[in-house]
*Asks:* 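Take a look at this one; I'll ask things after.
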Amino acid sequence: MEHTLRVYNTLTRQKEPFQTLIPSKVSMYVCGPTVYKPSHIGHMVGPVIFDTVKRYLTYLGYEVTWVVNITDVDDKLIVRARELNTTVKDLAERMTVDYLECLKRLNVTGIDHMPRATDHIAGMLEIMRGLIAKDYAYAAGGDVYFDVLKDADYGKLCNRDPEQMAGGARIEVSDKKRNPGDFALWKGSKPGEPAWDSPWGPGRPGWHIECSAMSMNLLGTTLDIHGGGLDLQFPHHENELAQSESFSGEPFARTWMHNGLLKMGAAKMAGSVGNVVNIADLLQRHQAETVRFLLLNTHYRSPIEYSDDRLVEVRKALDGFYRFFERFERITKKSFYTLDAPTVRRPFQAGAPSAAFVTEFVALWEKFLAHMDDDFNTGGAIGVLYELLSALNRCADTCQLESGKAAAEDLHAFERGVSFLKELSQLLGVFDKPRAEAKPASGELTITAHAPAVITGPPDARKLIAGVKQILDDVGGTLPPEVYSLDALIRLLINLRAESRKAKNFALGDQIRKRLGELGVTLEDRPGGTIWRKE
RNA sequence: GGCCCCUUAGCCAAGCGGUAAGGCAGUGGAUUGCAAAUCCGCCAUCCCCGGUUCGAAUCCGGGAGGGGCCUCCA
């Protein structure tokens, strides 16, 4: 494969050329949620980033298998289910649905398997038996613990020394453990708690063992990529790594990738801090695409600055793209959202002689990909996307593509550039469908000869139509009996305005524009005619 | 106390030894009857102090702030 993708590996603390165990195949495991509460935005950082990682790897020609687990048994679930007076199973089921819905909204489409921990108890027991047989683990009073001192390289992921961990007074106290740093593989259950049979009595899995069992079962003993939030690095990933390698004798993951955490002001967002923003609530106020863009705007290893103002800022920046897509449609009569663009990376020569704009587009396309090759630098790549947008608008301006007298050659160059924009947008998982709110308000005004006018449709649409009709009544006289859509009504006003402008009656024309503006409708006078936009 | 990491314009942010991407805000101009949209221009020497180097935001040492992990956490 002719590319130079480099990825930062937490294990070695440096960027390395990306190489897979099996040529052209990638196995990727990312730690998913414990489903005991509705998801907050922090839960979406990893999925969005690794979804983009998968998109890019696929684009490079890899066949990627991506697994995200669902932890559906855990102390928190037990406590929460009790609070809600329901079962662990029911709670897990409902929170899983919530999580899946969030993934869908944020366009996280690449996950191949989402195993539930409770479906893999047998695999966990097998690992525990193996670890005990090899003397890496021991049973004690119904529990099973991993002995960190038996594992020679324990702590290598996070640079921890198990000998010194005794000093930390915050490690869970238990007289069953041999060493303070030992962690539970299996927890004997108390009456009333979910339990599975095991050679050591009824119990449930410890926190880390599930990921070892599920990843090995679905992806084999050695993963190409293991991902997760920075906060999982220790103890979760360290322990996962220790038990997996001790069990299999093989390297557990070739590359460890950790994403930065979302922060609000100074502190990270987390359940334990109590400053979480629920996604369902958030998506009432902001487009899912804006959220996805915000998450990708910062390099994945850095903390992401989150706030409502930031989201508004990103949205304003995105508006430039949405307007451009409309412009593209006016010029070519094609929808950007359904364009076909290459899904696999290949060399591209502009060819000579070539339009200057094509040369520029190709250069930006390459610049974007160079950023992605550098440890999935989506922030840098997005910067290039804005540059490409400017270049495309400049092309449309310079070549007068909206005037109707565009040269075929210029049009071709333009479409070439738009195709690049489409190709790159796909890598980020954005701009693949119109914004939900961009759909024109549906509603109708029916005028009949001898009855009052009737307006139908949802409240928003009715209000808007009534407002537009009022303007018409004020400036346009009577309407012939007919059924009018919102667009038809605004068109009538636009025509009225055009006539008055032609007659140099700017006062009336400006009044129409001003009053439409008060309804949130903006008019733009373009070479091909006036267009309107609801904002 | 131990282990990591960060500090770039008003805000967000890229940058990984060769002379500061991009976005938001601001501002000047082109365009427009006026707007809107679009385009072009302007807007930072990179927390501080030393050092290495022909050359450092980028490497090393020290200092000052800030964050994460060591307990559940994406």
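Below, read A as the first sequence line, B as the second, and so on, with proteins coming before strands; counting in each chain starts at 1.
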*Asks:* Checking R416(A) against F361(A): charged group under 6.0 Å from the ring centre and within 45 degrees of the axis?
*Replies:*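 No; the conditions do not both hold, so R416(A) does not lie above the ring face of F361(A).
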*Asks:* Under 4.0 Å from OP1 or OP2 of rG15(B): is there any side-chain N or O of N377(A) that close?
*Replies:*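 It does, given that an N or O in the side chain of N377(A) lies less than 4.0 Å from OP1 or OP2 of rG15(B).
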*Asks:* Between R513(A) (CZ) and rU32(B) (P), how many Å, whole number?
*Replies:*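 It works out to 15 Å between those atoms.
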*Asks:* Rounded to whole Å, how long is the line connecting atom NZ of K263(A) with atom P of rA13(B)?
*Replies:*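 That distance rounds to 7 Å.
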*Asks:* Go through rA37(B), rA74(B), rC34(B) for me and flag the one nearest to the T34(A) side chain.
*Replies:* rA74(B)
*Asks:* Over 60° means perpendicular and under 30° means parallel, so classify the ring planes of F325(A) and F431(A), tilted if in between.
*Replies:*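 Taking F325(A) first and then F431(A), their aromatic rings stand perpendicular (interplane angle over 60°).
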*Asks:* Do E240(A) and S212(A) meet the criterion of a side-chain donor-acceptor pair at a distance under 3.5 Å?
*Replies:*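 No, no side-chain donor-acceptor contact under 3.5 Å.
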*Asks:* For rC34(B), what is the paired nucleotide under Watson-Crick or G-U wobble rules, both distances under 3.5 Å?
*Replies:* none
*Asks:* Write down the partner of rA56(B) under the Watson-Crick or G-U wobble criteria, each distance required to be under 3.5 Å.
*Replies:*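 WC or wobble partner does not exist here.
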*Asks:* Separation of R13(A) atom CZ from rC4(B) atom P, in whole Å?
*Replies:*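 Those two atoms, CZ and P, are 7 Å apart.
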*Asks:* Please check the phosphate of rC39(B) (OP1 and OP2 only) for any side-chain N or O of S390(A) closer than 4.0 Å.
*Replies:*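 So the side-chain polar atoms of S390(A) do come within 4.0 Å of the phosphate oxygens OP1 or OP2 of rC39(B), strictly under.
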*Asks:* Heavy atoms from C-beta onward define the side chain here; which of rG22(B), rA37(B), rU38(B) lies closest to that of E387(A)?
*Replies:* rG22(B)
*Asks:* Could you give the CG-to-P distance, from D510(A) to rC34(B), as a whole number of Å?
*Replies:*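 In whole Å, rC34(B) P and D510(A) CG are 11 Å from each other.
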*Asks:* With a 4.0 Å limit, can you tell me whether R394(A) has a side-chain N or O closer than that to the phosphate oxygens OP1/OP2 of rC40(B)?
*Replies:*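 Result: yes.
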*Asks:* Categorize A270(A) for me: base, sugar-phosphate, or nothing, with a 4.0 angstrom heavy-atom threshold over every strand shown.
*Replies:*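 A270(A): base contact, heavy atoms under 4.0 Å.
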*Asks:* Between D397(A) (CG) and rC39(B) (P), how many Å, whole number?
*Replies:* 7 Å
*Asks:* Under a 3.5 Å limit for both distances, which nucleotide forms a Watson-Crick or G-U wobble pair with rG41(B), could you say?
*Replies:* rU27(B)
*Asks:* The side chain of N393(A) lies closest to which of these nucleotides: rC34(B), rA14(B), rU38(B)?
*Replies:*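 Between rC34(B), rA14(B), rU38(B), the one nearest the side chain of N393(A) would be rU38(B).
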*Asks:* Now, which nucleotide makes the Watson-Crick or G-U wobble pair with rC3(B), with each of the two distances under 3.5 Å?
*Replies:*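 Check on rC3(B): paired to rG68(B), both distances under 3.5 Å.
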*Asks:* Could you tell me the separation between the CG atom of L294(A) and the P atom of rA13(B), rounded to a whole number of Å?
*Replies:*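 These atoms are roughly 9 Å apart.
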*Asks:* For the side chain of R160(A), counting heavy atoms from C-beta on, which of rC12(B), rA37(B), rG2(B) is nearest?
*Replies:*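 Shortest atom-to-atom distance from the side chain points to rG2(B).
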*Asks:* Students often mix this up, so state it plainly: with edges at 30° and 60°, are the rings of F414(A) and F324(A) parallel, tilted or perpendicular?
*Replies:* perpendicular
*Asks:* How many whole angstroms separate atom NZ of K268(A) from atom P of rC72(B)?
*Replies:*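 Taking atom P of rC72(B) as the reference, NZ of K268(A) is at 12 Å.
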*Asks:* Name the closest nucleotide to the R323(A) side chain, picking from rU38(B), rA74(B), rC16(B).
*Replies:*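 For R323(A), the side-chain atoms sit closest to rU38(B).
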